[in-house]
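Below you'll find the structure, written out as structure tokens, and then a few comments.
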Protein chains: 2
Amino acid sequence: MSPARLEGPSGHADAGASAHVFAALGDPTRLGMVVRLCRDGPLSIARLTAGSQVTRQAVAKHLHVLARAGLVRGHRRGRESVWELEPRRLETARRYLEVVSKRWDDTLERLRAVVER
Amino acid sequence: MSPARLEGPSGHADAGASAHVFAALGDPTRLGMVVRLCRDGPLSIARLTAGSQVTRQAVAKHLHVLARAGLVRGHRRGRESVWELEPRRLETARRYLEVVSKRWDDTLERLRAVVER
DNA sequence: CTCATAAGCAACCTCCTGGTTGCATCATAG
DNA sequence: CTATGATGCAACCAGGAGGTTGCTTATGAG
């Protein structure tokens, strides 16, 4: 297998997409917004901005970043735009981590088998 | 509750730490290294560099980033330094995502209960 | 002992990111 | 119709992140 190719834990080339998701979750402000959306359900940008420490524009930017990662989806409702969580990608990322740690356990076991033989 | 406080899904102020972990996983090169360490077990920097497209120094930097996030641990063995995965933090991050998506399901259910009443 | 190999340190560069301000647009309440 | 509130768009800025090159140090092989 070519070492240049970036591969995911399941052998697919999904590391790129997952890295995108993790990068989106990697900013504290953004992660806070995700948690907020999770707790309080769909929210408008203005509502999301109130109770945050950054500008409305910053909030909007972050929402677009999250949307590009597939973590969030928004639609216009009247004069405000409402955003809500997209849990599928979240689930995908969760499974990614699951596979990695699982695989790691297997590796440990293999090593132990070799060493303690 | 103060909106300025950044809170995790379980109510603790662990969003900062988790954001650190996600940020560390958010870079494709780094995520690739994690997967590689997961697949092939403990590796030296030189071995990790071979089969990567970046410099040895870049690899070392990334390892330190991962270490600061608690995802990886390294020790000197002879003239080489060997690095291995630290699966506990990985597990923590996984659980974080799990809680968020779970909580989201609860939110959905609550909303549905209100709307369809 | 000598030499090649593995790693550490430091400076440097470029580009992206998080954040801001200012202004334009559009929908809704009266 | 008008004023106000909610967004969208664009320019701009500082700082950090990812990456490189060059040099030094230490350890293991012969």
Side-chain angles (χ1 to χ4, degrees), chain A residues 3-4 6 15-16 18-37 40-84, chain B residues 3-4 6 15-16 18-37 40-84:
Chain A
L6 199 56
S18 291
H20 238 88
V21 173
F22 290 136
L25 294 173
D27 180 77
T29 306
R30 231 138 48 200
L31 188 55
M33 289 172 55
V34 166
V35 170
R36 178 92 186 282
L37 282 178
D40 303 347
L43 290 175
S44 75
I45 293 183
R47 261 178 115 65
L48 218 31
T49 302
S52 176
Q53 287 173 319
V54 295
T55 325
R56 175 182 58 84
Q57 283 82 347
V59 170
K61 271 194 186 179
H62 281 307
L63 282 174
H64 286 127
V65 172
L66 289 170
R68 239 178 290 135
L71 285 168
V72 104
R73 175 174 36 121
H75 65 281
R76 197 80 188 240
R77 187 181 196 99
R79 68 175 156 182
E80 55 189 14
S81 82
V82 183
W83 294 76
E84 62 183 319
Chain B
L6 198 56
S18 292
H20 237 86
V21 172
F22 291 135
L25 295 173
D27 179 77
T29 306
R30 232 138 46 201
L31 188 55
M33 288 171 55
V34 166
V35 170
R36 178 91 187 282
L37 281 179
D40 302 348
L43 289 175
S44 75
I45 294 184
R47 261 178 115 64
L48 220 30
T49 302
S52 176
Q53 286 173 322
V54 295
T55 323
R56 174 180 60 85
Q57 283 84 346
V59 169
K61 271 194 187 179
H62 282 306
L63 282 174
H64 287 127
V65 172
L66 289 171
R68 239 178 291 137
L71 284 168
V72 104
R73 175 173 36 120
H75 66 280
R76 196 80 188 239
R77 188 183 195 96
R79 68 175 158 182
E80 56 189 15
S81 80
V82 183
W83 295 75
E84 62 183 319

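Naming: A, B, ... by sequence-line order, numbering from 1 per chain. Quick caveat, the model's predicted, so the values are computed rather than measured.
Judged as a side chain to side chain donor-acceptor pair (under 3.5 Å), and not counting sequence neighbours, the contacts of A/S81 are A/W83. Every residue two or more places apart in sequence or in another chain was checked for a side-chain contact (heavy atoms from CB on, under 4.5 Å) with B/A23, and none qualifies. Looking at residues two or more places apart in sequence or on another chain, you find a side-chain contact (heavy atoms from CB on, under 4.5 Å) between A/V59 and A/M33, A/I45, A/L48, A/T49, A/S52, A/V54, A/L63.
Spacing between atom CD1 of B/I45 and atom P of D/dT27 amounts to 15 Å, rounded to whole angstrom units. Note: CG (A/D27) to P (D/dG15) measures 17 Å, nearest angstrom. If you measure from atom CG of A/L43 to atom C1' of D/dA6, you get 14 Å, rounded to the nearest angstrom. Rounding to whole angstrom units, CE of residue A/M33 and C1' of C/dG19 are separated by 13 Å.
Within residues 59-78 of chain A, the residues that place at least one heavy atom under 4.0 Å from DNA chain C are, in residue-number order, A/K61, A/H62, A/G78.
Checked by distance alone, A/R79 brings no side-chain donor or acceptor within 3.5 Å of a matching partner on the base of D/dT7. A donor-acceptor contact under 3.5 angstrom links the side-chain atoms of A/R56 to the base of D/dG8. Judged by atom type and distance alone, A/Q57 reaches the base of C/dG22 through a side-chain donor-acceptor pair under 3.5 Å. Not a single donor-acceptor pair, N or O on each side, falls under 3.5 Å between the base of D/dG18 and the side chain of B/R30.
The stretch residues 61-73 of chain B participates, sequence neighbours left out, in these side chain to side chain donor-acceptor pair (under 3.5 Å) pairs: B/R30-B/H62, B/R73-B/E86.
Side-chain contact between B/L43 and B/L37 is present, with heavy atoms from C-beta onward closer than 4.5 Å.
Under 4.0 angstrom from either OP1 or OP2 of D/dT7 there lies at least one side-chain N or O belonging to A/S44. Contact annotation: A/T55 does not reach the phosphate of C/dG19 (side-chain N/O to OP1 or OP2, under 4.0 Å).
Taking a pair as Watson-Crick or G-U wobble with both distances under 3.5 Å, DNA chain C forms stems of 3 or more consecutive pairs at C:1-30 with D:1-30.
The two residues A/R36 and A/A50 come nearest to each other via the heavy atoms NH1-O, 3.6 Å. Across every non-hydrogen atom of B/E80 and B/S44, the tightest pair is OE1-CB, 3.9 Å.
Side-chain atoms of A/T29 lie closest to C/dG19 of the nucleotides D/dT20, C/dG19, D/dA6.
Rounding to the nearest 0.5 Å places CG of B/L31 at 13.0 Å from NE2 of A/H20.
Counting non-hydrogen atoms under 4.0 angstrom, B/A46 reaches the backbone sugars and phosphates but no base.
The main-chain N or O of A/A58 is never found under 3.5 Å from a side-chain atom of A/T55 such that the two would form a donor-acceptor pair.
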